[in-house]
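Here is the structure we will look at, set down as structure tokens.
Keep in mind that what you see is a predicted model, and the values were worked out from it rather than measured.
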Amino acid sequence: MPQEIFLLIIVGLFIIGFAVLFTFVPVMLWISALAAGVRVGIFTLVGMRLRRVIPARVVNPLIKAVKAGLELNINQLEGHYLAGGNVDRVVNALIAAQRANIDLSFERAAAIDLAGRDVLEAVQMSVNPKVIETPFIAGVAMDGIEVKAKARITVRANIDRLVGGAGEDTVIARVGEGIVSTIGSANSHKKVLENPDLISQTVLAKGLDAGTAFEILSIDIADIDIGKNIGAELQTDQAEADKKIAQAKAEERRAMAVATEQEMKARVEEMRAKVVESEAEVPLAMAEALRSGKLGVMDYMNIQNIMADTDMRDSISKATDDDKKK
């Protein structure tokens, strides 16, 4: 009985040992690599486990690369994995580039992948160009009419400039700037409507893909439309502004005229006050003249008669004027 228990314990330990061995050491992956003609040492796979590298993420792409005829080694792929790259995507990109006769080295593909760009998509775009559509871009011709144009840009990825090159937003911005400049240099909006390809030719000739990750193959005007009469609106706004300025100046002159009128009225009242003051001094002067003997009694009586006669004549003239009005 004790011997049977001892045998069971030994069998159990062997089973546990094999389970740990097959769990820690990817034996099946090693066998798959050998079957595919890829020589990967069992201790290399164990070292990957110790370096916290998932062996399948490196060995399977290596098998794929060898079957495709690429000359890659396990250290290159493991180094790219440890750097945070996507090994499978890089290998797929290298295979696609080889099939399309595109010169792409592993170092270039790894650099593109580590830069955050999709290297496989870039290779596919080199083979099959991509079409980028811009929104409606508005420009104003010299006659003041707004013209809106939408363009389709056919681009192909430039592998050599993919690292450090500008993206799609830069291409769209440059094309938009070229469209606005071309429309603005046209003498009439009719010229733009008659020859939309003039925009494409002018913009394409400016070399807008310089410094970008793309090569512009063609720029086609997909749609063109007429917008507002910007020139007329600007003239209307200017006329309205001139009108308001003129009204403000007229109001200023009216206010100055009213102020001058009020000032003149004040001066008239001031002069009347002086006249009244002077008239008040006449009796005093006559009394002084009588006291000093410079004016006699008869002279004073003659003056009174003259004043009475003058008042009578004024009353008669006023009565005659009233009769004529009636």
Side-chain angles (χ1 to χ4, degrees), residues 93 96-97 100 102 104 108 111-113 115-244:
I102 297 175
L104 179 63
R108 170 73 65 177
I112 294 172
D113 185 61
R117 294 185 180 273
D118 193 335
V119 61
L120 179 59
E121 182 183 356
V123 173
Q124 292 173 346
M125 194 184 300
S126 297
V127 178
N128 185 21
K130 180 180 180 181
V131 177
I132 304 173
E133 185 169 316
T134 66
F136 270 108
I137 300 171
V140 181
M142 289 186 180
D143 58 357
I145 304 299
E146 182 185 35
V147 179
K148 299 179 180 178
K150 179 186 290 185
R152 287 193 177 97
I153 313 164
T154 304
V155 296
R156 180 172 59 195
N158 192 320
I159 301 297
D160 295 333
R161 297 201 303 253
L162 203 58
V163 177
E168 295 182 9
D169 294 338
T170 301
V171 174
I172 294 175
R174 290 182 180 180
V175 171
E177 180 183 356
I179 291 175
V180 172
S181 176
T182 305
I183 295 175
S185 60
N187 294 326
S188 173
H189 70 284
K190 297 180 181 179
K191 185 177 179 181
V192 180
L193 295 177
E194 291 173 358
N195 300 307
D197 57 334
L198 180 64
I199 300 176
S200 303
Q201 296 172 2
T202 305
V203 175
L204 193 59
K206 292 184 176 182
L208 302 179
D209 54 1
T212 66
F214 304 98
E215 178 185 352
I216 297 178
L217 301 178
S218 66
I219 299 175
D220 304 306
I221 301 301
D223 192 8
I224 192 166
D225 197 5
I226 296 295
K228 300 178 181 179
N229 191 337
I230 303 297
E233 289 186 357
L234 291 176
Q235 292 178 358
T236 302
D237 294 341
Q238 185 63 43
E240 185 68 22
D242 294 341
K243 176 184 175 182
K244 291 182 178 179

Closest heavy-atom pair and its distance - [X], [Y]:
X      : Y      : value
Arg117 : Gly167 : NH2-N, 4.4 Å
Val155 : Met125 : O-CG, 4.3 Å
Ala157 : Ala122 : CB-O, 3.4 Å
Leu104 : Ala93  : CD2-O, 4.2 Å
Val123 : Ala96  : CG1-CB, 3.8 Å
Thr212 : Arg161 : O-NE, 2.7 Å

Mind checking the [atom1]-[atom2] spacing from [X] to [Y]? Nearest 0.5 Å is all I need.
X      : Y      : atom1 : atom2 : value
Asn128 : Arg156 : CG    : CZ    : 11.0 Å
Glu240 : Asp242 : CD    : CG    : 9.5 Å
Ile153 : Phe214 : CD1   : CZ    : 10.5 Å
Arg108 : Asp113 : CZ    : CG    : 13.5 Å

Listed pairs under 3.5 Å, donor-acceptor, residues 140-151 side chains, sequence neighbours left out:
residue, atom, partner, partner atom, Å
Asp143, OD1, Ile145, N, 3.3
Asp143, OD2, Ser188, OG, 3.4
Asp143, OD2, His189, N, 3.1
Asp143, OD2, His189, ND1, 2.7
Glu146, OE1, Lys228, N, 3.0

Does a sphere of radius 6.0 Å around CD in Glu215 hold more than 12 heavy atoms from other residues, nucleotides or ligands, not counting ones at 6.0 Å or beyond?
-> yes
Taking the side chain as C-beta and beyond, is there a heavy-atom pair between Ile159 and Ile112 under 4.5 Å?
-> yes
Whether Ser185 side chain and Ser181 backbone form a donor-acceptor pair below 3.5 Å | yes
Got a list of side-chain donor-acceptor pairs under 3.5 Å for residues 218-226, not counting sequence neighbours?
residue, atom, partner, partner atom, Å
Ser218, OG, Thr154, OG1, 3.3

